[in-house]
> 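Please read through the structure below; I'll follow up with questions.
Throughout, protein chains are lettered first and strands after them, A, B, ... in sequence-line order, and every chain is numbered starting at 1. These values consider heavy atoms only, across backbone and side chains, with no hydrogens, waters or symmetry-generated copies.
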Amino acid sequence: MSSVWIIAEQHDGHLKDVSFELLSRGRKLADRLESRLAAVLIGDKVSETAMEELVQRGADEVYSIQDPRLENFVCESYARVLTGLIKSYRPCIILAAATSSGRTLMPYLAIKANTGLTADCTELDIEEGTGNLLQTRPAIGGNIMATIKTPDHRPQMATVRPKSSRPLQKDSSRAGKIISIPVTDDMLDPRVAVLGYRKDVTDFVNLEEADIVVAGGRGLKKGENFTMIRTLADSLGGVVGASREAVDRGWIGYPHQIGLSGKTISPKLYIGIGISGSIQHLAGIKTSEIIISVNSDPEANLHKIADFGIVGDAFQVIPEIQRRLDQRRKGGAE
Amino acid sequence: MKIIVPVKQVPESSNVKMDPETGTVIRSGVETVVNPLDFYALETALRLKEQYGGTVTVLSMGPSQALKALKEAVAMGCDEAILVSDRKFCGADTWSTSYTLAQAVKKIGGYDLIITGERATDGDTAQVGPGIASWLDIPVATYVAKIEEVTDSRIVLERLVEDGYQILSVTLPCLISVVKEIASPRLPTLRGKIYARQLHIPVFSTENMELEPTALGLKGSPTRVVKIETPKVTRGGRVVKAGDDEGVLSAVDQLMAFLEAKDIV
Ligand SMILES: Cc1cc2nc3c(=O)[nH]c(=O)nc-3n(C[C@H](O)[C@H](O)[C@H](O)COP(=O)(O)OP(=O)(O)OC[C@H]3O[C@@H](n4cnc5c(N)ncnc54)[C@H](O)[C@@H]3O)c2cc1C
Ligand SMILES: Nc1ncnc2c1ncn2[C@@H]1O[C@H](COP(=O)(O)O)[C@@H](O)[C@H]1O
């Protein structure tokens, strides 16, 4: 049986957590198929320890492709590397994260590999009998779940929504092979040059990979009131999100926007404050594990889908929640 | 500079309502509109045209209703429109759609830049743009939030990624997909509307395109939808009223207990 592959992600030589989430997905599929699980890691100067961590978290093999010219994600070069690997090793399944790089690389690669691709899956399974990969994803703004398969083409390819699965615990007794693939000039696409990277510390949040998201909407009345949201998010160890109304009013930057024309998130906990719960906003939060809503309007749509809703004035409710959290923290420190 | 903008016709989503009984999407009487995220692609193309000169061609694959989307785009200031339409294209997945659109782009020819929306709000895959680029074997830059400059042979741009912006220099021709942050779309003008009304919109079909018959439509698509389910609309959650000061205390008490039970605090 040919192997299941996951495309590990790294930044500055450090593995991203989403790589471990993919391994836990891949492990389940490989076990069902009684096949092997490989992690493909393209980058530069990724340490031996990091590669071993891929093994400890589920990989049987790691294909390591390291080169200074592959340090940053460049779709065309990464696709060339992978096209070559696919030809040599013929995996049956390839999973990547539904991140800005995964969602660029995979559709580019799927054409080169002459196969289908399913975007942004939240569930993966193996079909009884055929061994086909069953790929389930939300569509039409999360209003339906579609299950898709790729019956006649190999590999079967899917991107998986970050945070939609939990990484496996590290198991230091696991053994695996690390296979270095030499980089040749023909793997590098000369048409694209990375000029730099601008990290915006003030306004950047990795919403898609956060466990907890506290989001504010038009009910906050003005931009300064986002301070309250930021403080609450900080105390919970989460990040700040927003509705489009809040973004369009300039209260907070676009990278924070959640929904149809913003980001789609699947955190463990989402708290929406002063957000009505329009269908476009819901499209981005439907796969959250727990939804909490704070809104003064008892009829607000977000209350209807929330696991816990408080009908009340955010300016009374949020400071009270904050007070309790601060109290607990003090209590815990004693 | 010759720019091509592929736009998709999608069901208008601000009107999407859920049937509370069955939990299904009420589809009847839902209008179709230009994929809202494609307006940012159109705006980007029109601004580049204003800055550097050239033409903007808008392209849509779909049934003849897609003409409406094309006319709307033309009314904003595009020069040409092409409808890619044939019964044999029906049911195409992103592999087959991007193949068909890439063949249409080849037929148009002589382009410098293709600009797509970030994703379509119905299928929501964001796969068609990179797919077209791959078929054409040109470079792709997705999630573009800013264009620094365009020269005869290159474009310098910023891509919005998870924790910042990646700055790339890419040779032309290439394909980019843009995010909302790039520009706010203009409205159609009266002059544009008049121009759109009288514009002849050619139809590309299996009759006049070079196409591999086995790559078309549902039959030519590697993926198959096997099941569609409607997830539960409500989670059977609890809503408490805060009301007065005491109500707030009690509501927050209950919330804290809830969060504790869920292991969050
Ligand atoms: C094509 C398209 C794409 C879109 N994409 C997105 C998207 O990606 N993301 C997105 O969010 N929206 C999107 N929208 C917009 C969407 O339709 C809504 O307009 C938007 O989500 C509403 O934001 P809101 O909930 O903050 O504002 P509102 O709908 O105005 O809701 C504000 C809420 O705050 C409550 N409130 C007021 N005062 C208080 C108080 N003191 N305490 C507590 N609650 C209070 C009110 O009861 C109300 O429910 C899109 C729309 C279109 C047409
Ligand atoms: N049928 C189509 N006709 C023209 N352009 C399309 C079509 N489908 C997708 N696109 C383009 O590809 C982008 C991404 O769409 P999708 O991959 O469907 O999410 C859209 O924003 C459009 O610019």
> Side chain, backbone, both or neither: which part of B/Leu255 has an atom under 4.5 Å from a heavy atom of chain A?
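For B/Leu255, heavy atoms of backbone and side chain both lie under 4.5 Å from chain A.
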> Checking heavy atoms, do the side chain of B/Ser96, its backbone, both or neither come under 4.5 Å from chain A?
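For B/Ser96, no heavy atom lies under 4.5 Å from chain A.
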> Are B/Tyr165 and A/Tyr197 an aromatic pair, judged by ring center distance below 6.0 Å?
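Here the rings of B/Tyr165 and A/Tyr197 have centres that are no less than 6.0 Å from each other.
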> With only heavy atoms counted, which part of A/Asn114 is less than 4.5 Å from chain B, the side chain, the backbone, both or neither?
both
> Any chance you could lay out the side chain to side chain contact (heavy atoms under 4.5 Å, CB included) test for B/Lys106 and B/Leu136, step after step, and finish with the verdict?
CA-CA 8 Å; B/Lys106 277 189 192 161; B/Leu136 295 171; 3.7 Å; yes
> Testing the 3.5 Å rule here: is there a donor-acceptor pair between the side chains of B/Gln166 and B/Arg159?
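Yes, because at least one side-chain N or O of B/Gln166 sits under 3.5 Å from a partner of the opposite role on B/Arg159.
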> Under a 4.0 Å threshold between the charged nitrogen and the carboxylate oxygen, would A/Glu127 count as salt-bridged to A/Lys149?
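A salt bridge is present here (some side-chain N lies under 4.0 Å from a carboxylate O).
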> Sort out for me which of A/Arg137, A/Glu208, A/Gln135 touches chain B most, counting heavy-atom pairs under 4.5 Å.
A/Arg137
> Side chain to side chain donor-acceptor pair (under 3.5 Å) for B/Ser184 and B/Glu43? Distances and angles first, verdict last.
CA-CA 7 Å; B/Ser184 35; B/Glu43 180 62 31; over 6 Å; no
> Quick one: do A/Arg161 and A/Asp120 make a salt bridge, cutoff under 4.0 Å?
yes
> Tell me which of these, B/Asp137, B/Val156, B/Leu259, B/Val170, has more heavy-atom pairs under 4.5 Å with chain A than the rest.
B/Asp137
> Is any side-chain N of the basic residue among A/Asp248 and B/Lys180 closer than 4.0 Å to the acidic one's carboxylate O?
yes
> Heavy-atom pairs under 4.5 Å with chain A: which of B/Gly117, B/Ser169, B/Ala242 has the most?
B/Ser169
> Given heavy-atom pairs under 4.5 angstrom as the criterion, report whether the side chain, backbone, both or neither of B/Leu172 touches chain A.
neither
> Please step through side chain to side chain contact (heavy atoms under 4.5 Å, CB included) for the pair B/Gln103 and B/Thr100, ending with a clear verdict.
CA-CA 5 Å; B/Gln103 291 305 106; B/Thr100 310; 5.8 Å; no
> Using a strict threshold of under 4.0 Å (side-chain N to carboxylate O), is an ion pair present between B/Asp122 and B/Lys8?
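Between B/Asp122 and B/Lys8 there is a salt bridge, with a charged N closer than 4.0 Å to a carboxylate O.
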> With respect to chain A, which residue among B/Gly247, B/Ala133, B/Ser221 yields the maximal number of heavy-atom pairs within a distance under 4.5 Å?
B/Ala133
> Counting only non-hydrogen atoms closer than 4.5 Å, does A/Thr99 touch chain B with its backbone (N, CA, C, O), its side chain (CB onward), both, or neither?
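It is both, since atoms from each part get that close.
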> Under 4.5 Å from any heavy atom of chain B, what part of A/Ile292 do you find: side chain, backbone, both or neither?
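Side chain of A/Ile292 only, per the 4.5 Å heavy-atom cut-off to chain B.
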> Between the side chains of A/Arg191 and A/Glu76, is the shortest nitrogen-to-carboxylate-oxygen separation below 4.0 Å, so that they form an ion pair?
no
> Counting heavy-atom pairs under 4.5 Å with chain A, which one of B/Val179, B/Val140, B/Asp245 comes out on top?
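If we count pairs closer than 4.5 Å to chain A, B/Val140 comes out on top.
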> Can you say whether B/Gln254 sits under 4.5 Å from chain A via the side chain, the backbone, both, or neither, judging by heavy atoms?
both
> So which of A/Ser101, A/Pro151, A/Ser296, A/Pro138 has the largest heavy-atom pair count under 4.5 angstrom toward chain B?
A/Pro151
> May I ask you to name which of A/Thr150, A/Asp152, A/Leu195 has the most heavy-atom pairs under 4.5 Å with chain B?
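Answer, by heavy-atom pair count under 4.5 Å with chain B: A/Leu195.
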> Do you know which of A/Lys268, A/Glu320, A/His303, A/Arg103 has the most heavy-atom pairs with chain B at a distance under 4.5 angstrom?
A/Arg103
> Counting heavy-atom pairs under 4.5 Å to chain B, which of A/Ile291, A/Leu207, A/Asn72 comes out on top?
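Most heavy-atom pairs within the cutoff with chain B belong to A/Ile291.
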> Most heavy-atom pairs under 4.5 angstrom with chain B, which of A/Val247, A/Leu109, A/Leu269?
A/Leu269
> For the residue pair B/Trp95 and A/His153, categorise the inter-ring angle as parallel (less than 30°), tilted (30 to 60°) or perpendicular (more than 60°).
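It falls in the tilted class, 30° to 60°.
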> Do you know which of B/Val240, B/Val248, B/Ile132, B/Val128 has the most heavy-atom pairs with chain A at a distance under 4.5 angstrom?
B/Val240
> Is it the side chain or the backbone of A/Glu289 that comes within 4.5 Å of chain B heavy atoms, both, or neither?
backbone
> Ion pair present between A/Asp326 and A/Arg329, side-chain N to carboxylate O less than 4.0 angstrom?
yes
> Measuring heavy-atom distances to chain A, does B/Ile264 have an atom under 4.5 Å in its side chain, in its backbone, in both, or in neither?
side chain
> Using non-hydrogen atoms only, which part of A/Ala306 is less than 4.5 Å away from chain B: side chain, backbone, both, or neither?
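Backbone only.
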> With chain A as the partner, which of B/Asp93, B/Val10, B/Thr142 has the greatest number of non-hydrogen pairs under 4.5 Å?
B/Thr142
> Less than 4.0 angstrom from a charged side-chain N to a carboxylate O is my criterion; do A/Arg324 and B/Asp253 meet it?
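A salt bridge is present here (some side-chain N lies under 4.0 Å from a carboxylate O).
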